[in-house]
**Student:** 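Here you go, one structure.
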Amino acid sequence: MEFKKLALALAIGLSLALSGCGDDGDDGVAGTPGQNGTPGQDGAPGRDYTEVNSWYTSASAAVSRASTTNFNETAGAAKNVILFVGDGMGISTLTAARILEGQLAGEMGEDHRLSFETFPHVGLVKTYSSNQQTPDSAPTMTAMVTGVKTKDGLVSVSDAAVRSNCTSGQGQELVTSLMLAEMAGMSTGIISTARLTHATPAATYAHSVNRDWEADSNMPAQAITDGCKDIAAQLIDFSYGDGIEVALGGGRSYFTPNTTQDPEYGSNGRRRDGRDLTAEWTSKYSNSAYVWNRDQFLAVDTSTTDHLLGLFEPSHLQYEADRADDTAGEPSLAEMTSRSLDILKRNDNGYFLMVEAGRIDHAHHAGNAARALHDTIALSDAVRVAIEKAGPDTLILVTADHSHVFTIAGYPTRGNPILGLVRGNNADGKPAAGYDTDANGMPYTTLGYANGPGFGFGSDPMNQDDQRPDLNLYDVTSIDFRQEATVPMGSETHAGEDVAVFATGPGASLVSGSIEQHALFHVMARAANLVARAEAAQP
Amino acid sequence: MLRSLLTATSLLLALPAAASFCPDQPATGSWGLSYQLDNNGQRSGTLEILRHGSDTALYNPDRQIGEWWVLADSKRPRFHRLFGEQQRRIDYTTGDLRALGVNVNIDSIESFAMAPLLSHLKAGDAVADCPAARHYSGEINGSHYEVNWHSALKLPLLLETRKAGQVRRWQANALINEPTVNQRFGQWLDFQPTDFADIGDMETDPFLAKLITQGFIEHAHPTAYNSDGTVISSEGDHAGHGH
């Protein structure tokens with residue numbers, strides 16, 4: 001029976017293939033080293049599969065492509081490395097963002113692909129830290145860029161250190177992939193939509209026994225006396241190689257004195273030591289620039305600027321959904337990635353670039369799925385830029401540091417709005433006339449959270465009969481809608497299940513199966529031969 | 001936590017006459033009014049509303065808890081939650097407020113949610129001994145309102161609601177001067193700030209962990225809260241309702 005079904009599908013598939021089923025979109029033509037590649041079709045909207053046989057032929061073609069995908073896996077084959085991190089971008093976030101992006105393009109959505117979902121190699125990453133089943137961003141990013149797990153709250157120091165104990169971390173500092181790249185003579189870049197001093201970007205260039213020591217005012221006096229330095233100062237005082245070439249993100253107030261007013265909001269900086277780290281950047285580096293809004297950023301000559309610092313908000317950047325409303329103007333993650341690559345690619349020794357979509361995490365913590373998904377799509381856009389600008393000698397990894405308690409529930413029909421109420425199918429397999437309901441006859445959304453601020457809708461008087469609001473009365477697809485949560489908490493939490501890693505380029509096949517998060521450092525280090533190149537470059 | 005903002009309920013004192021306090025329009029942009037709160041004749045606490053330029057703050061001096069709205073850009077409001085005992089401040093950007101589904105109504109924030117309701121009440125005469133204030137009364141959503149509204153200050157001098165046998169009364173009893181207001185805002189600037197967006201990643205901070213587990217964003221439309229912590233919205237909820 002099964003064989004007959006297979007043969008029938010194959011026969012129909014072959015006949016339809018002759019009638020011209022379109023390609024699903026795959027890699028573009030990569031550029032030669034140092035030059036832009038030809039724009040590819042990665043992430044191009046997928047087809048709407050309405051014919052049963054096209055499922056068969058498309059999957060068969062995908063397998064054929066996979067069987068012919070070969071990367072140079074020799075150690076050191078990757079001249080460049082780009083690490084994309086979606087903070088809090090669990091697998092359910094990927095699925096929902098994929099569907100949303102497809103639906104925004106007028107498709108049903110489920111068969112859509114984010115740009116990096118076209119990558120040929122995928123693994124499942126175990127995210128636990130050395131002392132917690134469910135981690136925060138500090139140990140997870142430390143694992144990715146140093147090759148070892150550490151404890152929650154620690155930034156690129158080993159788990160021999162004790163959180164908030166300055167002296168316990170001294171001598172426990174870990175060398176990061178970005179530091180190795182600088183030692184090897186490569187160019188380096190850090191991009192984040194969070195503060196540049198936030199745990200994920202900080203782990204690439206700083207060592208701290210407390211992720212919250214972002215400015216000196218965040219540190220206890222004893223820690224300063226004991227010789228610990230705040231994270232912002234470590235970015236400017238960075239001493240490896242010729243210094244970081246590109247640093248773009250938020251956190252302006254952590255770099256400016258508390259006697260200086262912010263140019264956009266008028267609020268004071270956070271530094272008590274009087275240092276203006278933005279001025280120090282431009283005085284430290286020749287051919288350097290500091291910018292704090294989009295117009296300034298776009299005016300930078302990337303062909304002559306060697307060191308670029310951009311701080312576009314006093315704290316985190318705007319959510320992507322709010323970015324257009326920013327008073328001073330902020331570049332998108334894709335724009336920051338594109339122009340960073342213009343600077344980094346000028347180095348014949350190659351580059352290491354880390355790009356973080358830092359606000360996916362924040363929107364989830366607020367229980368606001370729509371903003372988390374739009375920030376995920378913005379990350380996909382940034383990856384697409386990297387695919388097109390980076391050459392075939394570039395290893396690109398896309399992953400997350402941890403997940404969130406974010407769920408996709410019910411049995412919605414194909415094409416049901418991902419932000420909407422669940423509408424299932426009727427007995428004929430067609431979309432039902434009404435919404436699916438709970439045991440009390442109330443509709444529910446596809447997306448929700450296991451905990452967080454979305455419990456009960458506060459004082460809403462509709463929350464009386466069955467302890468749930470009547471969602472018929474809400475615009476659940478609004479960007480501002482806060483999804484329901486099962487357990488009431490002021491802030492939604494991280495989740496402990498695996499996250500995904502997608503890989504393309506030299507060394508990509510090293511990413512497969514179930515892997516430890518700290519193995520990602522070793523993938524990058526081997527692919528780009530970072531340790532040997534760094535050692536060879538030492539005098 | 002929002003519920004506890006104004007829960008400093010205690011003893012009832014004899015209520016002063018409605019017009020015994022009749023402030024003039026302050027000549028400065030920094031001023032405030034202090035209110036005595038009573039619940040069924042029992043004194044339930046004190047609340048201050050403070051104006052500092054375009055900023056407005058609601059502050060409970062007994063509990064040292066407050067809410068500070070930065071409204072210079074009406075399309076991009078910002079918000080701070082204040083915890084005096086811990087010397088801590090939680091900062092909300094416009095994006096944070098949007099992500100939480102908070103719809104900001106400046107008129108409501110600046111008037112204890114009364115300004116949008118006045119049109120639903122019957123305007124009466126000027127208040128005796130206080131010609132700058134006018135009396136309003138009427139029913140909204142089953143609550144009976146008695147309001148003495150100071151048109152220059154755009155604030156109630158008296159706000160009394162009755163619903164289901166519950167009588168709640170807010171009586172302005174003192175004008176807060178400029179030095180005091182400036183001192184308050186200056187003090188809050190020195191509190192240890194934490195971005196709301198970061199709180200979810202700071203569960204090891206005992207103070208923040210308490211906020212995370214107990215919850216501190218309970219309403220979609222926080223403006224002001226009565227002595228039971230019930231949200232005072234612009235929809236006639238001053239008498240409160242059960243949760």
Side-chain angles (χ1 to χ4, degrees), chain A residues 88 136-138 152-153 163-164 194-195 198-199 211-212 217-218 265-268 270 313 315-319 321-323 325-327 359 361-368 370-372 404 452-461 463-464 478-482 488-494, chain B residues 1-3 70 72-73 75-76 78 80-81 90-103 141 189-190 192-205 208-222 225 228-233 235 237 240-243:
Chain A
D136 73 35
S137 299
D152 270 39
R163 186 169 184 161
S164 302
R195 294 187 297 267
H198 212 232
R211 57 175 287 172
D212 301 327
S217 60
N218 301 124
Y265 298 98
S267 52
N268 287 347
R270 298 184 186 233
E313 280 287 321
S315 185
H316 305 297
L317 301 194
Q318 304 282 0
Y319 289 112
D322 303 317
R323 189 171 58 81
D325 186 44
D326 183 60
T327 310
R359 305 225 63 196
D361 177 69
H362 297 153
H364 277 323
H365 279 308
N368 180 212
R371 279 185 171 78
H404 273 266
F455 175 83
F457 283 36
S459 61
D460 196 307
N463 183 26
Q464 298 298 313
S478 163
I479 188 74
D480 295 332
F481 182 74
R482 193 173 58 191
M489 297 184 77
S491 181
E492 181 262 9
T493 71
H494 297 176
Chain B
M1 190 56 66
L2 283 179
R3 290 173 188 239
V70 180
D73 184 343
K75 293 182 178 178
R76 301 175 185 85
R78 288 177 286 142
H80 308 281
R81 198 173 297 284
I90 310 297
D91 299 341
Y92 297 70
T93 65
T94 303
D96 293 332
L97 295 173
R98 290 172 178 167
L100 289 165
V102 175
N103 296 315
N141 289 349
L189 273 178
D190 289 336
Q192 179 185 336
T194 301
D195 284 2
F196 169 75
D198 292 329
I199 288 175
D201 295 320
M202 300 177 75
E203 76 289 347
T204 58
D205 181 318
L208 297 176
K210 189 176 178 183
L211 294 185
I212 292 169
T213 54
Q214 293 188 352
F216 54 101
I217 291 292
E218 302 179 355
H219 303 284
H221 310 278
Y225 301 85
D228 288 335
T230 303
V231 68
I232 295 172
S233 74
E235 298 161 356
D237 285 346
H241 53 251
H243 286 236

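All values below come from the heavy atoms of this structure, side chains included, with hydrogens, waters and symmetry mates left out.
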**Student:** First locate atom CG of D322(A), then atom OG1 of T94(B), and finally report the distance between them rounded to the nearest 0.5 Å.
**Tutor:** 8.0 Å

**Student:** Taking side chain as C-beta onward, heavy atoms only, is D96(B) less than 4.5 Å from Y319(A)?
**Tutor:** yes

**Student:** How many angstroms lie between CZ in R78(B) and OG in S267(A), if you round to the nearest 0.5 Å?
**Tutor:** 6.0 Å

**Student:** Is chain A contacted by the side chain of D73(B), its backbone, both, or neither, given a heavy-atom distance below 4.5 Å?
**Tutor:** side chain

**Student:** About how many Å separate CD of Q192(B) and CG of N218(A), when rounded to the nearest 0.5 Å?
**Tutor:** 7.5 Å

**Student:** Quick check for you: among D91(B), T93(B), T204(B), which has the greatest number of heavy-atom pairs under 4.5 Å with chain A?
**Tutor:** T204(B)

**Student:** Can you tell which part of D361(A) gets under 4.5 Å to a heavy atom of chain B, answering side chain, backbone, both or neither?
**Tutor:** side chain

**Student:** Considering non-hydrogen atoms only, spot the tightest contact between P193(B) and R270(A) and give its length.
**Tutor:** CG-NH1, 3.4 Å

**Student:** Does any non-hydrogen side-chain atom of M202(B) lie less than 4.5 Å from one of R211(A)?
**Tutor:** no

**Student:** Between chain B and each of E492(A), R163(A), R371(A), count heavy-atom pairs under 4.5 Å; write down the option with the most.
**Tutor:** R371(A)

**Student:** Is there a side-chain hydrogen bond (donor to acceptor under 3.5 Å, both in side chains) between H365(A) and D201(B) once you walk through the steps?
**Tutor:** CA-CA 9 Å; H365(A) 279 308; D201(B) 295 320; 3.0 Å; yes

**Student:** By a 4.5 Å heavy-atom criterion (distance strictly below it), what part of T327(A) contacts chain B: side chain, backbone, both, or neither?
**Tutor:** both

**Student:** Of the backbone (N, CA, C, O) and the side chain (C-beta and beyond), which part of A366(A) lies under 4.5 Å from a heavy atom of chain B, both, or neither?
**Tutor:** both

**Student:** Do D198(B) and H316(A) pair up side chain to side chain, a donor and an acceptor below 3.5 Å, judged on atom types alone?
**Tutor:** yes

**Student:** Pick one of side chain, backbone, both or neither for D212(A), based on which atoms fall under 4.5 Å of a heavy atom in chain B.
**Tutor:** side chain

**Student:** Looking at R195(A) and D195(B), what are the two nearest heavy atoms and their distance?
**Tutor:** NH1-OD2, 3.0 Å

**Student:** Tell me, do D325(A) and R76(B) make a side-chain contact under 4.5 Å, heavy atoms counted?
**Tutor:** yes

**Student:** Is it the side chain or the backbone of H364(A) that comes within 4.5 Å of chain B heavy atoms, both, or neither?
**Tutor:** neither

**Student:** Which value, rounded to the nearest 0.5 Å, describes the distance between S217(A) atom OG and D190(B) atom CG?
**Tutor:** 11.0 Å

